[in-house]
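To keep things clear, I will list the structure first and then write my remarks on it.
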Protein chains: 2
Amino acid sequence: MDVRTICLGILTRDDATGYQIKKAFEDDGLQHFVEASFGSIYPALSRLTEEGLVSVRAEAQEKRPDRKVYSITPAGRAAFIRALMKALPEDRHRSPFVFAMLFSDLLPPARVRALLDDYIAQSEQKLAHLQQKASEKLMPGERFAIDFGHTMYTAMIDFLRARRADVEGQALQAAE
Amino acid sequence: MDVRTICLGILTRDDATGYQIKKAFEDDGLQHFVEASFGSIYPALSRLTEEGLVSVRAEAQEKRPDRKVYSITPAGRAAFIRALMKALPEDRHRSPFVFAMLFSDLLPPARVRALLDDYIAQSEQKLAHLQQKASEKLMPGERFAIDFGHTMYTAMIDFLRARRADVEGQALQAAE
DNA sequence: ATCGATTTATATCGGACCTATATAGGGCAA
DNA sequence: TTGCCCTATATAGGTCCGATATAAATCGAT
């Protein structure tokens, strides 16, 4: 989803600064499915303001640059709903890990084992974070997203652990 | 994974044109985890050639522009292995679908049901394609990638179907 | 008490990448 | 025979990310 729409979505829930829009995803366990960088959020917010889809108020602070707090306008809200009503872009899952495993025959077996171990450890961490989120009070949409992630990572880890065991078995056999 | 490394990987298996490099992923059921567009493949190939990591031979064809067939050089092969030996970029799964579901409370219930139905149908199609690939003879790396995808889509579809049933139940209740 | 690390906050530049488009001949189907 | 899809290369425009700069507050450790 384009950054403009992501910004509008967050502002649908509450007013926020550019910084808070980025944080909104990082902390909420949604970073596995949606994210945007500062380098695209700030320009998006400027354009959205020009187009009247959001409004800004500069909150002056002592000895700090102004915080620019953005709010969604009625026009912005309508544009956001319109964006969700038409055909969505397709999911894209890009995995350097799977790519590397494609060429496992070219790599030292120790590297393949490390690749698997690292990826499993990473996934377990993400799952733990998701599990913690799942135990909190959530809006229905968030509940869906967190449970979705939980399902995916659980299935992934099961699969990976089984393969990891296979590789270990083959390594032992080869050592005989 | 950056496009340069993706190109080197494909050329590790066989010589190919830019066009074939793109096709290699589309047909092999790997498009869910790795992809690159023509707009990035062609410039990548040019740079790789300049750097001596690949070589080109122009195959003249009757009444057609030359096909440029690329081959990986020993230096390219070494660079590819090096890329796979150091830390990999993290996976990124971007899902406009999950993003939209986050805001299901703002959408008409019929739209939410359509979102779920479309996504389930799409996933079933991808799973079917993966299942067909899984029945073919594959290299170990490909076997891993296809089975990985199979696992993920199966788990996803199970989850989605359960949620879809919940939504239907709620709609019936509300209609009473 | 103070030094360093982290957090809050905005912003820009360069580069990587994608989408759309142009070009062009071949084969195939209606 | 008209139109569409496939092979094939290439570029322009635009989106987005990663790195970097700046700056002050806060918090933990020594």
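Per chain, numbering begins at 1; letters A, B, ... match sequence-line order.
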Report which part of the nucleic acid A/R47 touches: base, sugar-phosphate, or nothing (heavy-atom distance under 4.0 Å, all strands). sugar-phosphate

Is the phosphate of D/dC16 approached by A/R4 (side-chain N or O, under 4.0 Å from OP1 or OP2)? no

In whole angstrom, give the distance that lies between atom CD of B/E26 and atom P of D/dC6. 10 Å

Look at the side-chain N and O atoms of A/Y19 and state whether any lies under 4.0 Å from the OP1 or OP2 oxygen of C/dT8. yes

Have a look at A/G18 and say if it touches a base, only the backbone sugar-phosphate, or nothing, with a 4.0 Å heavy-atom cut-off. sugar-phosphate

Would you please classify the geometry between the B/F33 ring and the B/F148 ring as parallel, tilted or perpendicular, with 30° and 60° separating the classes? perpendicular

When the nearest nucleotide of DNA chain D is assigned to B/K23 and to B/S40 on a heavy-atom basis, which residue is associated with the more 5' position? B/K23

B/R67 CZ - C/dG26 C1' separation (whole Å): 14 Å

Side chain of A/F38 only, please: which of C/dT10, D/dC17, D/dA10 is the nearest? C/dT10

note: B/D2, atom CG; D/dC17, atom P; distance rounded to Å ~ 17 Å

Shortest side-chain distance from B/Q20, nucleotide among D/dA8, C/dT12, D/dT11: D/dA8

Any sub-3.5 Å donor-acceptor pair from B/S46's side-chain atoms to B/Y42's backbone N or O? yes

Rounded to whole Å, please give me the gap between CD1 in B/I21 and C1' in D/dT7. 15 Å

Please check if the side chain of A/Q125 supplies one atom and the backbone of A/Q122 the other of a donor-acceptor pair under 3.5 Å. no

From C/dT12, C/dT19, C/dC17, pick the nucleotide closest to the side chain of A/R92? C/dT19

Side-chain N or O of A/S37 versus OP1/OP2 of D/dC17: is the shortest distance under 4.0 Å? yes

Below 30° counts as parallel, above 60° as perpendicular, anything between as tilted: where do the rings of A/F38 and A/Y19 land? parallel

Check whether any side-chain nitrogen or oxygen of B/K22 sits under 4.0 Å from OP1 or OP2 of D/dT9, and answer yes or no. no

Which of these nucleotides, D/dT7, D/dC16, C/dA11, is closest to any side-chain atom of A/K68? C/dA11

Within this structure, what is the CE-to-C1' distance between A/M1 and C/dC18, rounded to whole angstrom? 17 Å

Atom CD1 of A/I41 to atom C1' of C/dA9: distance rounded to whole Å? 12 Å

Do B/F103 and A/I81 come close enough that some side-chain heavy atom pair is under 4.5 Å? no

Within the structure, does a side-chain N or O atom of A/Y42 lie under 4.0 Å from either OP1 or OP2 of C/dT10? yes

Are B/L11 and B/M139 connected, step by step, through hydrophobic side chains (Ile, Leu, Val, Met, Phe, Trp, Tyr) whose heavy atoms are closer than 4.5 Å? no

Rounded to whole Å, CD1 of B/I6 lies from P of C/dC17 at a distance of 8 Å

Look at all strands and tell whether A/T17 reaches a base, only sugar-phosphate, or nothing, counting heavy atoms closer than 4.0 Å. sugar-phosphate

In whole Å, what is the span from the CD atom of B/E59 to the P atom of C/dG25? 20 Å

